[in-house]
2 protein chains.
Amino acid sequence: MQKEHNLSKNQKIIFDLIDKSRGPMKAYSILFNVQKKGIKAPLQVYRALDKLVEIGKIHKIESRNAFIACQNSSCQVSKATAFSICESCENVSEISNSKLSKYLSNFSDSSGMKYSKYNLEFFGLCKKCKSK
Amino acid sequence: MQKEHNLSKNQKIIFDLIDKSRGPMKAYSILFNVQKKGIKAPLQVYRALDKLVEIGKIHKIESRNAFIACQNSSCQVSKATAFSICESCENVSEISNSKLSKYLSNFSDSSGMKYSKYNLEFFGLCKKCKSK
DNA sequence: CTTATAAATGTTATATTATTACATACTGTT
DNA sequence: AACAGTATGTAATAATATAACATTTATAAG
């Protein structure tokens, strides 16, 4: 059972934008898009992004410095994320595969260190781009 | 069998620095450290880093914007990387676990997309930090 | 050996991504 | 109403990365 988060005004504006976007969005592109709504400064964007990431509504695609809405209906896996990234069209989608997430969540290496979080990014060509 | 790469002057200077460093190094910290050797501009650093990443001598830790020397003796896995990151002391080590790498290299999701590369970052507390 | 080509370098300027610092306002308790 | 925690507004600046262009060095083919 997840906690219901009431998003603040800026958080909602920014989440809605990212959620409606087709792909990952970059912070300054978000800024540009929400200026008409009164959000004027980078920090306002980054603060909302930080919070949204923290509560699992969005994820950061680290290799792209971009943000995408959580595609797992319940956003339960904000600490265990996996993405598929097309290196040609830059399409990104979140992978939800219970075998994979179980495997990685239980993974422990020779050092005996136990992990509380992971992020996995797969790269390749999506079907469309492969057939070009 | 891997190709033997003869590093250029700048590449060698920068690789040696990263290789001797205890942890991941950031680009501008590298720049600062090699200025005495005549490398004066960010671009000189980034170009060497790009090449070193491309040939697998170093890896980028995406979540930290930092670079670490490949710890797999033969650098065969530059396209299939996994790291363990301590969120307290920021110690990073490369994970070489053949089961994990096999599992991930063969992974394919419901979209049928086949991946040519992946990068995995695990987060947690290392032994030292946990016991504090 | 020389010519062609690719790779690497040097340099300046600038673009992009992200944070510090400080003041103020809102929200939900007790 | 008073408090604590969270969110906002604003300006300045730090940190990360790339564009554009000129030149030089290394490599391989004839």
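Chain letters run A, B, ... following the sequence lines, proteins first and then strands; every chain starts at 1.
Counting only N and O atoms by type, the side chains of B:Ser84 and A:Tyr115 include a donor and acceptor under 3.5 Å apart. For A:Glu121 and A:Asn119, the side-chain atoms include at least one donor-acceptor pair closer than 3.5 Å.
Summarising the geometry, the separation between CD on B:Gln44 and P on D:dT23 is reported as 17 Å, rounded to the nearest angstrom. One atom, CD1 of A:Ile30, and another, C1' of C:dT17, lie 12 Å apart when rounded to the nearest Å. Between the P atom of D:dT6 and the CG atom of A:Asp50 lies a distance of 14 Å, rounded to the nearest Å. Separating the CG atom of A:Leu49 from the C1' atom of C:dT17 is a distance of 12 Å, rounded to the nearest angstrom. Note: CG (B:Asn10) to P (D:dT25) measures 13 Å, nearest angstrom.
Using a 4.0 Å heavy-atom cutoff across all strands shown, A:Lys60 reaches sugar-phosphate atoms only and no base atom.
Aromatic ring centres of A:Phe123 and B:Tyr118 lie farther apart than the 6.0 Å criterion allows.
Residue whose closest nucleotide on DNA chain C sits further toward the 5' end, between B:Asn65 and A:Arg47: B:Asn65. Position along DNA chain D of the nearest nucleotide to A:Gln11 versus B:Ala27 favours A:Gln11 as the more 5'-ward residue.
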Derivation of the side-chain hydrogen bond (donor to acceptor under 3.5 Å, both in side chains) call for B:Ser111 and B:Asp109: CA-CA 5 Å; B:Ser111 79; B:Asp109 64 4; 2.7 Å; yes

